[in-house]
Protein chains: 2
Amino acid sequence: MTREEAAVSPRRRNAAETRAAILQSAVAAFTEHGYDGVGVREIAGAAGVTAMLVNRYFGSKEQLFAEAVDVSFAPRTVVSGTAATFTSNAASRLVARSAAHAEDLDPFLLMLRSAGNPRAAEIIRDGIQRHVRKDLVSLLKGGNAAERAELMLSVIAGLWLMRKVIGTPALVDADPADLARHVSRILEGIAGGLTAPAQAE
Amino acid sequence: MTREEAAVSPRRRNAAETRAAILQSAVAAFTEHGYDGVGVREIAGAAGVTAMLVNRYFGSKEQLFAEAVDVSFAPRTVVSGTAATFTSNAASRLVARSAAHAEDLDPFLLMLRSAGNPRAAEIIRDGIQRHVRKDLVSLLKGGNAAERAELMLSVIAGLWLMRKVIGTPALVDADPADLARHVSRILEGIAGGLTAPAQAE
DNA sequence: GTCTATAGAAAGATAGAC
DNA sequence: GTCTATCTTTCTATAGAC
């Protein structure tokens, strides 16, 4: 406080911190309200700054969203563990995290609540390509790994949607263990065999 | 048609026809762009009227959306046929209708592109309760029919999302027969046995 | 029954002071 | 580096003419 103009006034921050605060606020806001459901004023306000800084540091709302998607999808939240255990792990964690009371931030929620906007959908598609899909494909043996990986993502996204975004009652009130068993069964069916169209007919 | 003031001026319509035209336009617009992605001006314009008539006949955009959801979910598009065949039927139709070139109107698309708006999500949840879920539950034998019905809806919605709204490439380019086989397998797994938690542990 | 015109709010983005 | 103030557009909804 006694040195040049680096004195610490209560609001003074450096650019990197402010940028990070805006980005963090954007992830939370886009996850909770979706791309069209939140304005740059709200995001800026929650970060303790004004709306102008959002465009100063990110250029536009769209570019801010792109960065928010990137940091949201970067950690490996869906695919964790080894190939042998990741289906049941993923199912349990999915059910736990999508529970009614859980207020976790999750990239699937961000996706589901922003997918209605076509530009947001493109950005999300690219984010999935660059992050989670690659990890999922590497875990899958057999043919059509990419198709099966995306099919697994479909199942996961669908449960998030109905349970947490739409909120259909039977899924909200379902017994977690029972639901996790169902989902695990489905994911195993996709991850395991049945890639060869041999016995199909 | 040649009676009284029912004379046909090029633009003259009666109230019922205008209302129906607006509603039809609303279903198409909400399905294509989502609740937040379209304005009453566009909906009215596509119906050949002005925005004012939307509120005149429906009260508000929200009430218009509620009616659009109702007519969109009313026909039994997902559950058709008998209990024995509806899983494979549903899978084939789902894959066909969600193909990249297909420009069908579908209630799942309306749901997915509007789910980000919390009021829209509530309206959709009610629409599902009143229409498709009931039909699905009646087809399912065994315990937890409601949970399993909603789980099936989750799977269907998830595929619609990734294939048509987000547009992940492997799902877009997937062989329809192969994809339908996977989905049918999943739906059968939910519809068929495995309801009893007997062998779970 | 349908229109034009507009009110009133909120959005994204920018100019310029300090 | 961050602010206040404003521009411009777009939105839902309403008032009042014909």
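Annotation: the span from B/Phe86 atom CZ to B/Leu136 atom CG amounts to 5.5 Å, rounded to 0.5 Å.
We find that A/Glu122 and A/Arg119 are joined by a salt bridge, their nearest charged nitrogen and carboxylate oxygen being less than 4.0 Å apart. Salt bridge status for B/Arg130 with B/Asp70: present, with a side-chain N to carboxylate O gap under 4.0 Å. A salt bridge links B/Glu67 and B/Arg19; the closest N-O separation between the charged side-chain nitrogens and carboxylate oxygens is under 4.0 Å.
For the residue pair A/Glu150/A/Ser154, the side-chain donor-acceptor check at 3.5 Å is not satisfied.
For the pair B/Arg185 (side chain) and A/Gly189 (backbone), a donor-acceptor distance under 3.5 Å is absent. A/Asp106 places a side-chain N or O within donor-acceptor distance of the main-chain N or O of A/Phe108, the cut-off being under 3.5 Å. Listed for the B/Glu147 side chain is no donor-acceptor partner under 3.5 Å among the backbone atoms of A/Ala170. Judged purely by atom type and a 3.5 angstrom limit, A/Arg125 has no side-chain atom pairing as donor or acceptor with the backbone of B/Thr168. In this structure a side-chain-to-backbone donor-acceptor pair under 3.5 Å is present from B/Ser114 to B/Leu110.
Remark on DNA chain D: of its neighbouring residues A/Leu53 and A/Arg41, the 5'-side contact belongs to A/Leu53, judged by nearest-heavy-atom nucleotide.
Among C/dA11, D/dG16, D/dA13, the nucleotide with an atom closest to any side-chain atom of A/Glu42 is C/dA11. For B/Asn55, taking side-chain heavy atoms from C-beta onward, the closest of the listed nucleotides D/dG1, D/dA13, C/dA13 is D/dA13.
Of the residues in residues 56-65 of chain B, those placing a heavy atom less than 4.0 Å from an atom of DNA chain C are B/Arg56, B/Tyr57, in numerical order. Remark: nothing in residues 27-34 of chain B comes within less than 4.0 Å of DNA chain C through any heavy atom.
If you measure from atom CD1 of B/Ile43 to atom C1' of D/dC11, you get 12 Å, rounded to the nearest angstrom. We find that CG of B/Asp36 is positioned 17 Å from P of D/dT10, with the value rounded to whole Å. For the pair B/Ile22 CD1 and C/dG1 C1', the computed distance is 11 Å after rounding to whole Å.
The cationic group of A/Lys61 lies under 6.0 Å from the six-membered ring centre of A/Tyr35 and within 45° of the ring axis, placing it in a cation-pi geometry.
Residue A/Thr18 places at least one side-chain N or O closer than 4.0 Å to OP1 or OP2 of D/dT2. The phosphate of C/dT2 (OP1 or OP2) has no side-chain N or O of B/Thr50 nearer than 4.0 angstrom.
Two end axes, each from the C1' atoms of five base pairs, can be drawn for the helix from C/dG1-D/dC18 to C/dC18-D/dG1; they diverge by 10°, to 10 degrees.
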